[in-house]
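Following: one structure in structure tokens, then a few remarks.
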There are 2 protein chains.
Amino acid sequence: MVVEDEAVGEAGVLSRIEALCAEKGLRMTEPRRVIARVLSDSEDHPDAEELYDRVKAIDSSISLATIYRTMKLFEEMSIVSKRDFGDGRARYERKSGPEDHHHHMIDVESGEVIEFYNQELEDLKKRIAHDLGFELVDHHLELFGVRRKKKH
Amino acid sequence: MVVEDEAVGEAGVLSRIEALCAEKGLRMTEPRRVIARVLSDSEDHPDAEELYDRVKAIDSSISLATIYRTMKLFEEMSIVSKRDFGDGRARYERKSGPEDHHHHMIDVESGEVIEFYNQELEDLKKRIAHDLGFELVDHHLELFGVRRKKKH
DNA sequence: ATAACTGCAAAACATTTGCTCACAC
DNA sequence: GTGTGAGCAAATGTTTTGCAGTTAT
């Protein structure tokens with residue numbers, strides 16, 4: 001059932017991408033298919049170079065420029081989110097829908113990234129934006145911390 | 001009295017920088033003095049190039065490399081905060097103390113930046129980090145939004 | 001057919017660094 | 001005097017782009 005779930009998930013992502021591309025008059029090409037597959041198989045937050053390596057393992061003819069171009073495209077189509085963890089490069093993560101919205105807690109010592117979701121936080125952010133006279137369209141939130149030492 | 005406050009404020013910032021430099025065995029040079037002055041006169045969130053322009057207006061011999069080196073130094077000394085508003089470059093803002101901690105609401109249509117502070121948010125972030133087993137050392141939060149249209 | 005897409009290499013940016021000289025202490 | 005800091009220019013790392021050829025529709 002787990003396998004089935006994953007299979008459905010991938011098919012879902014691919015067909016959603018295909019639908020969105022068609023809708024916008026864009027082509028479903030081999031590079032885009034491969035990149036979409038790599039994204040749906042990735043549970044982490046790869047940067048462009050890491051995506052490039054994973055994509056090359058499947059089709060070595062795909063270029064880094066295409067990774068960047070496709071990430072920009074997928075971002076506009078709300079298929080991926082671009083993240084910034086404070087090192088100089090952009091990270092990308094698949095965005096299946098509003099239901100898997102989350103934030104990141106980054107261990108500044110190990111670089112480890114923990115994802116979390118907090119409804120209270122969501123409500124508060126929306127309220128703050130509203131109070132300032134804004135409709136919230138996006139937000140960045142990253143917490144940086146060190147693992148708390150147990151008191152002996 | 002407002003004028004007096006500002007005068008005290010600026011002097012405070014400058015001497016604080018000088019004190020911190022001395023404390024760390026660093027030298028108070030002309031470039032550092034000029035950059036400190038520009039920072040304390042800046043109410044906005046300039047990037048390196050903008051700082052460079054403002055600094056050059058006072059002393060044209062100061063180089064961009066020195067802006068970067070000094071920003072890194074001042075960041076380590078907790079004199080400035082480095083911010084990322086999603087365009088590719090770092091922004092800097094003076095940090096007078098923990099009391100003027102705040103976040104940013106960015107108008108995605110005009111690029112306007114509104115600063116805000118919310119105690120509830122501070123508490124919540126600390127609690128989230130704590131629940132995840134972390135001691136919060138830093139955080140990034142930016143809200144992106146569009147001005148809400150009044151319902152006629 | 002033909003417009004969108006790609007790879008490649010070069011360009012564009014922001015930022016960092018090596019080197020030599022200058023200056024604060 | 002001595003080591004820290006500066007300017008300059010070259011290097012770096014990431015992301016973008018021009019161009020000429022390729023491919024999906």
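Just so we're on the same page: letters track the sequence lines, and every chain starts at 1.
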By nearest heavy atom, map B:Lys72 and A:Met28 onto DNA chain C; which one lands nearer the 5' end?
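The answer here is A:Met28.
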
Of B:Ala90 and B:Thr29, whose closest DNA chain C nucleotide lies nearer the 5' terminus?
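By nearest-heavy-atom nucleotide position, the 5'-most residue is B:Ala90.
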
How many Å lie between [atom1] on [X] and [atom2] on [N], as a whole number?
X       : N      : atom1 : atom2 : answer
A:Asp87 : C:dT15 : CG    : C1'   : 14 Å
A:Asp59 : D:dT23 : CG    : P     : 12 Å
B:Lys82 : C:dT16 : NZ    : P     : 6 Å
A:Glu76 : D:dT16 : CD    : C1'   : 14 Å
B:Met71 : C:dA14 : CE    : P     : 17 Å
B:Tyr68 : D:dA11 : OH    : P     : 19 Å
A:Arg89 : C:dT16 : CZ    : P     : 14 Å
B:Leu73 : C:dT15 : CG    : P     : 17 Å

Just wondering, are more than 12 heavy atoms of other shown residues or ligands nearer than 6.0 Å to NZ in B:Lys126?
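At most 12 heavy atoms, drawn from other residues, nucleotides or ligands, come within 6.0 Å of this atom.
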
Side-chain donor or acceptor of B:Arg27 under 3.5 Å from a matching atom on the base of D:dG3?
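Answer yes: a donor N or O sits under 3.5 Å from an acceptor.
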
Nearest to side-chain heavy atoms of B:Leu64, which nucleotide of C:dT15, C:dT17, C:dA4
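Minimum distance to the B:Leu64 side chain belongs to C:dT15.
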
Specify the residue among B:Ser61 and B:Gly25 whose closest nucleotide of DNA chain D lies further upstream toward the 5′ end.
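Nearest nucleotide further toward 5': that of B:Gly25.
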
With no hydrogens and no angle check, do the side chains of A:Gln119 and A:Asp123 hold a donor and an acceptor under 3.5 Å apart?
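Side-chain D/A pair, A:Gln119 to A:Asp123: present.
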
Looking at A:Arg54, A:Arg83, A:Arg89, A:Lys82, which hits salt bridge (Lys or Arg N to Asp or Glu O under 4.0 Å) with A:Asp47?
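The passing option is A:Arg89.
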
Measure up the B:His103 and B:His139 rings against each other and bin them: parallel (under 30°), tilted (30 to 60°), perpendicular (over 60°).
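Because their plane-to-plane angle lies in the 30° to 60° range, the rings of B:His103 and B:His139 count as tilted.
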
If you look at every strand shown and take non-hydrogen atoms under 4.0 Å, does A:Arg69 touch a base, only sugar-phosphate, or nothing?
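Base, at least one base atom sits under 4.0 Å.
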
May I ask you to verify if any side-chain N or O of B:Arg32 is less than 4.0 angstrom from the OP1 or OP2 atom of D:dA6?
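Checking D:dA6 against B:Arg32, a side-chain N or O does come within under 4.0 Å of OP1 or OP2.
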
Using a strict threshold of under 4.0 Å (side-chain N to carboxylate O), is an ion pair present between B:Arg94 and B:Glu43?
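Here B:Glu43 pairs with B:Arg94 in a salt bridge, since their nearest N and O are under 4.0 Å apart.
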
